[in-house]
Amino acid sequence: MELNKLVCDAGILGAGGAGFPTHVKINCKAEFVLANGAECEPLLRVDQQVMQYFAADVVRGIRAVKEFTGAKRAVICLKEHYHAAVAALQEVLKDADDVELHLLQGYYPAGDEQQIVYEVTGRVVPTGGLPLDVGAVVCNVSTLTNIAAALDGKKVTEKYVTVGGAVKNPVTLRVPVGISLQELMDAAGGPTCDCKYIIGGPCMGRVVDTLDIPVTKTTGGLLAIPKDHPLLERKSPKLNLQLIMSVCCQCSMCTQMCPRNALGLNVQPHKAMRSLASGGDLLGEFNGIFSCCNCGLCTYYACNFGLKPSQVMQTLKSAIASKGVRPRKEVYGPVDGGLENKKVPVERLIARLGIAEYDVLAPMAEKPLTTSCVRIALRMGVGAPSVPVVAVGDKVRKNQLVADIAEKKLGVKMHASISGVVTDITADYIEIRKAAK
């Protein structure tokens, strides 16, 4: 069976980002296959530990994608200070020349796929485009380990998740897809104070009040953040328009520090801020707003007044898209000659966020976490929801298909992550419980 069909049957989607179905992504011809192991967000530890403990699987996965796409180069990209991961990969590749390592500096957002594509290929992904537009396919390292497992007939039923922040025992866990976030928090000893929670990383993750939420195939982190921590206010979607209009002095530091703008993609948050004083429309050429990746660097690092340019950018991007405007594929201008000087060291970002006390090891747990109940979400990434192929009362076994791709839609297959009985099916999930003994 061809690799893309194996990947489709295994239910693999992008494990480190928006969750694009991998069987669609790799069904192409490419010049470069890039493994993203840079772990963009601070505090998360999944990617580096996956590379450390499963280096051979990462290499096996990228080799499979390289062969299938006909790529000339396969490159694993990770930060140079991931010493254990670098050593493990070097050991696997010591007698090979078909897979390269590319060591990135410890800057934010090094894990942004457009940064990685530019660093390796020297090419810029256009606004509204994909890495394939410049000949590249980018896969997260966990995605590649899932591809290696698919070669052995295995399905995606587990996920590695870092639990950190204000918890008693920061840890990286191997968990069944669909387990509740509350069980992950309990496994880390629980929060040390009254907290809210971030699913994902401190910059691009989303804030939630409840942990009655299932783990998906894209969940990479769960952080407990004290309720009085200033980071939570900075992440609030609420915008004080009067404050913005009175305080923003158009210093343009947000634009000067924007990683995507430095690639020549014309992402200018200061103009988005200015637009609020001119009726809410972006001034001048606005196509570049579609290249904003919401990394939050403008909000969390660049703005000296504590404003939220990234929130304004997302608000205006949504408003423009709602009017039917679509991005025009282009690279607006040349790469900034001072790009190297604009790379923000991760440790400086951590200090600015006020989370240095949480920047600690989160070692891999020796045993996988188990549960008696999972809720398999029917939508875990880009595309249409999966369609249940089981009914309430059905007995299912781990790895069994429980939801298929909707006909003629972009999507991914879902499999049972535990053996048990289907106890509920909603528009959002399939619930499976272990049978009582």
Side-chain angles (χ1 to χ4, degrees), residues 14-18 32-52 58 62 73-89 100-125 131 134 136-144 162 164 200-205 218 220-221 223 256-265 267 291-302 310 335-336 338-353 355-356 359 362:
F32 307 89
V33 174
L34 310 180
N36 187 348
E39 202 133 47
C40 195
E41 289 267 24
L43 307 188
L44 304 188
R45 304 288 184 259
V46 170
D47 288 352
Q48 52 192 288
Q49 295 194 72
V50 164
M51 291 182 290
Q52 176 184 350
V58 174
I62 198 171
R73 293 176 61 192
V75 186
I76 301 173
C77 306
L78 69 163
K79 292 175 182 173
E80 57 189 3
H81 65 269
Y82 293 172
H83 301 300
V86 171
L89 289 165
E100 310 166 39
L101 296 186
H102 182 90
L103 303 185
L104 301 149
Q105 299 172 30
Y107 70 91
Y108 180 81
D112 173 28
E113 70 175 12
Q114 294 207 18
Q115 297 288 326
I116 286 175
V117 169
Y118 177 73
E119 286 222 8
V120 175
T121 71
R123 303 171 185 177
V124 177
V125 179
V134 294
V137 169
V138 183
C139 294
N140 178 266
V141 290
S142 288
T143 303
L144 293 173
T162 295
C203 295
M204 290 184 274
T218 65
L223 303 176
Q256 292 180 50
M257 296 300 297
C258 174
R260 291 286 180 91
N261 190 61
L263 290 176
L265 296 172
V267 183
S291 275
C292 173
C293 64
N294 198 27
C295 71
L297 197 62
C298 53
T299 293
Y300 303 120
Y301 190 85
S310 59
V335 175
D336 191 324
L339 175 63
E340 291 299 317
N341 296 325
K342 294 185 176 183
K343 292 180 176 178
V344 175
V346 173
E347 61 267 22
R348 291 179 62 182
L349 176 64
I350 287 173
R352 189 71 64 89
L353 292 171
I355 55 175
D359 185 27

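For reference, positions follow the sequence shown, starting with 1. The basis for the numbers below is simple: all heavy atoms, side chains too, and nothing from hydrogens, waters or symmetry mates.
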Between [X] and [Y] (side chain of the first, backbone of the second, donor and acceptor by atom type, cut-off under 3.5 Å), is there such a pair?
X: Y82; Y: A38; value: yes
X: K342; Y: Q256; value: yes
X: E39; Y: D47; value: yes
X: Q105; Y: K79; value: no
X: E41; Y: C203; value: yes

Practice task
Nearest 0.5 Å please: distance from the CD atom of E100 over to the CD1 atom of I76.
Solution key: 10.0 Å
Taking the side chain as everything from C-beta on, heavy atoms only, tell me whether [X] gets closer than 4.5 Å to [Y].
X: C258; Y: L297; result: no
X: N36; Y: C77; result: no
X: R348; Y: Y301; result: yes
X: L349; Y: Y108; result: yes
X: P259; Y: D112; result: no
X: L34; Y: V137; result: no

Handout entry: Ring-face cation of R73 near F32 (centre distance under 6.0 Å, axis angle within 45°)
Key = no
